[in-house]
Amino acid sequence: MFTEGKKKMSNETKRALGRGLGALIPEKVLERPAAKEGASGIINLKLEQILPNRYQPREEFDTQALQELAASIKEKGFIQPVIVRPASGGKYELIVGERRLRAANLLHHNEIPAIVKEANDEESLELALIENIQREGLNPIEEAQAYQKLIDRFNFTQEKIAQVVGKARTSVNNTLRILKLPQTIQESIRKNLLSFSHARALLEIKNEKELLALAEKIIASELSVRELENILKHKRKEKSKKPKIAAVYKQPHVSAIEEELQHILGTKVRIVQSKKRGRIEIDFYSPEDLERVVEVLKKK
């Protein structure tokens, strides 16, 4: 049985969902064999007709949560339909509603209410991502991998991802950064042994051996994020106590060249000399800043 309740959505919620929300609302329900159209453009599909979503960002499904969802569906029916897109051979590929489909299988249902929608691969991943982030919550690694998939396969920018999922660009960037952590640490995040806040703080450690040891300590001692930050603060103080190499005297003409380069490139420039050779160091502060510096160098 399918029940549907209408609830007014605030402007704030609409903005949070980004432009992906409009794609969730079907412009037209497609006429297909073995699919009977019901009220509000909803049809009943046989479970055997529905193929898994190739772009499903969620990899972990909590067994207890699925059983609770199945119990709720058994008592109250499906509150929302799944969303599918046409596939070959009279089949449909799932876009949104993986947990509902799995719960229906647990209950040995033959059919499930569905909305059929035309969607390309990009839209399918985008909608599945929105569904999981806004309603069911991916773990940080799944979320980061989904963002990276949008970038690699569909050339999304971080700004576009932020618009789609209704988050700030800095939030998207911070999520993507945790993919730089070693795989063992990523697995610990996936298993909820380390939180996203732990992961962000650990990015400060560049030495992998030190990083892995600290992650193990956090898990073994169940350290809070504040305790981890205190450890990192202590490490920073220890590093600052190390004797600094005395500054090498620079000839006046070298300093003048540094100043000229800084003026041309719009960033800090250092010339490091030895007796016969040296190097030029150019600072940049973001990928965009690096591209700007490169463009200036090309023009010169």
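- In terms of heavy atoms, Arg292 sits closest to Leu265 at NH1-O, 2.9 Å.
- Taking a 6.0 Å sphere around CD of Glu260, one finds it holds 12 or fewer heavy atoms contributed by other residues, nucleotides or ligands.
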**Prompt:** salt bridge (charged side-chain N to carboxylate O under 4.0 Å, His left out) between Lys91 and Glu48: does it pass, once the steps are laid out?
**Reply:** CA-CA 8 Å; Lys91 301 281 188 178; Glu48 62 196 39; over 6 Å; no
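- Here the side chains of Ser195 and Val225 are in contact, with some heavy-atom distance below 4.5 Å.
- Counting only heavy atoms from C-beta outward, the side chains of Asn53 and Ser124 approach each other to under 4.5 Å.
- Asn139 and Glu142 share a side-chain donor-acceptor pair at under 3.5 Å.
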**CA sep, side-chain torsions, deciding dist, call: Leu51, Leu94, side chain to side chain contact (heavy atoms under 4.5 Å, CB included)** = CA-CA 6 Å; Leu51 304 173; Leu94 186 69; over 6 Å; no
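- More than 12 heavy atoms of other shown residues, nucleotides or ligands fall within 6.0 angstrom of atom CD in Glu281.
- Between Lys217 and Ile231, some side-chain heavy-atom pair lies under the 4.5 Å cut-off.
- Between Ala103 and Ile73, the shortest heavy-atom distance links the atoms CB-CD1, 3.8 Å.
- Residues Tyr147 and Phe196 do not share a hydrophobic cluster, clusters being chains of Ile/Leu/Val/Met/Phe/Trp/Tyr side chains in contact below 4.5 Å.
- Looking at Gln186, its side chain does come within 3.5 Å of a backbone N or O of Leu179 through a donor-acceptor pair.
- Atoms CZ and OG1, from Arg177 and Thr170 in turn, are 11.0 Å apart once rounded to the nearest 0.5 Å.
- A heavy-atom distance below 4.5 Å is not found between the side chains of Ile115 and Val84.
- How far CD1 of Ile257 is from CD1 of Ile280: 8.0 Å, rounded to the nearest 0.5 Å.
- Panel note: side chain Glu123, backbone Asn120; a donor-acceptor pair is recorded below 3.5 Å.
- More than 12 heavy atoms of other shown residues, nucleotides or ligands fall within 6.0 angstrom of atom CZ in Arg236.
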**Request:** Verify side chain to side chain contact (heavy atoms under 4.5 Å, CB included) between Lys74 and His109, making sure each step is shown before the conclusion.
**Result:** CA-CA 10 Å; Lys74 184 176 181 180; His109 282 197; over 6 Å; no
**Request:** In sequence, state the C-alpha distance, the side-chain angles, and the governing distance for Lys160 and Arg169, and then conclude on side chain to side chain contact (heavy atoms under 4.5 Å, CB included).
**Result:** CA-CA 9 Å; Lys160 188 174 181 180; Arg169 181 190 173 281; over 6 Å; no
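- Counting heavy atoms from C-beta outward, Leu202 and Leu228 have side chains that approach closer than 4.5 Å.
- Grouping the Ile, Leu, Val, Met, Phe, Trp and Tyr side chains by contacts below 4.5 angstrom, directly or via other members, places Leu193 with Leu203.
- Residue Leu223 comes nearest to Glu227 through the heavy atom pair CA-OE1, 3.2 Å, listed as atom of the first residue, atom of the second, then distance.
- The CD1 atom of Ile219 sits 9.0 Å away from the NE2 atom of His198 when rounded to the nearest 0.5 Å.
- Exactly one residue among Gln262, Lys268, Arg270 makes a side chain to side chain donor-acceptor pair (under 3.5 Å) with Asp283. That residue is Arg270.
- With Gln49 contributing its side chain and Lys46 its backbone, the two residues share a donor-acceptor pair below 3.5 Å.
- For the pair Arg102/Arg99, no side-chain contact is recorded, criterion being any heavy-atom separation below 4.5 Å from C-beta on.
- Remark: Lys235 does not engage Glu238 in a salt bridge, criterion side-chain N to carboxylate O under 4.0 Å.
- Using a 4.5 Å heavy-atom threshold, the side chains of Tyr92 and Lys117 count as separate.
- Residue Ile178 is not grouped with residue Ile161 when hydrophobic side chains (ILVMFWY) are merged at heavy-atom distances under 4.5 angstrom, including chains of intermediate members.
- Cluster annotation: Leu181 is connected to Leu232 through the hydrophobic network of ILVMFWY side chains, with a link wherever side-chain heavy atoms come within less than 4.5 Å.
- Leu194 and Ile205 fall within the same hydrophobic cluster, defined by Ile, Leu, Val, Met, Phe, Trp and Tyr side-chain heavy atoms under 4.5 Å apart, directly or through other members.
- In this structure, Arg100 CZ and Ile79 CD1 are separated by 10.5 Å, a value rounded to the nearest 0.5 Å.
- For the salt bridge (Lys or Arg N to Asp or Glu O under 4.0 Å) condition, the pairs that include at least one residue of residues 77-86, sequence neighbours left out, are Arg85-Glu93, Arg85-Asp121.
- Put simply, the side chain of Glu75 never gets that close to the backbone of Ser72: no donor and acceptor are under 3.5 Å apart.
- Counting Ile, Leu, Val, Met, Phe, Trp and Tyr side chains that sit under 4.5 Å apart, directly or through other members, Phe284 shares a hydrophobic cluster with Leu290, Val294.
- The pair Glu229-Lys233 does not meet the salt-bridge criterion, since no charged nitrogen lies less than 4.0 angstrom from a carboxylate oxygen.
- Within the model, atoms CD1 of Ile42 and CD1 of Ile112 stand 11.5 Å from one another, a figure rounded to the nearest 0.5 Å.
- In this structure, the separation between CD on Glu216 and CD1 on Ile185 is 9.0 Å, given to the nearest 0.5 Å.
- Here Lys149 does not pair with Asp152 in a salt bridge; the nearest charged N to carboxylate O distance is not below 4.0 Å.
- Counting heavy atoms from C-beta outward, Leu45 and Ile50 have side chains that approach closer than 4.5 Å.
- Looking at every heavy atom in both residues, Ala162 comes nearest to Ala168 through CB-C, 4.0 Å.
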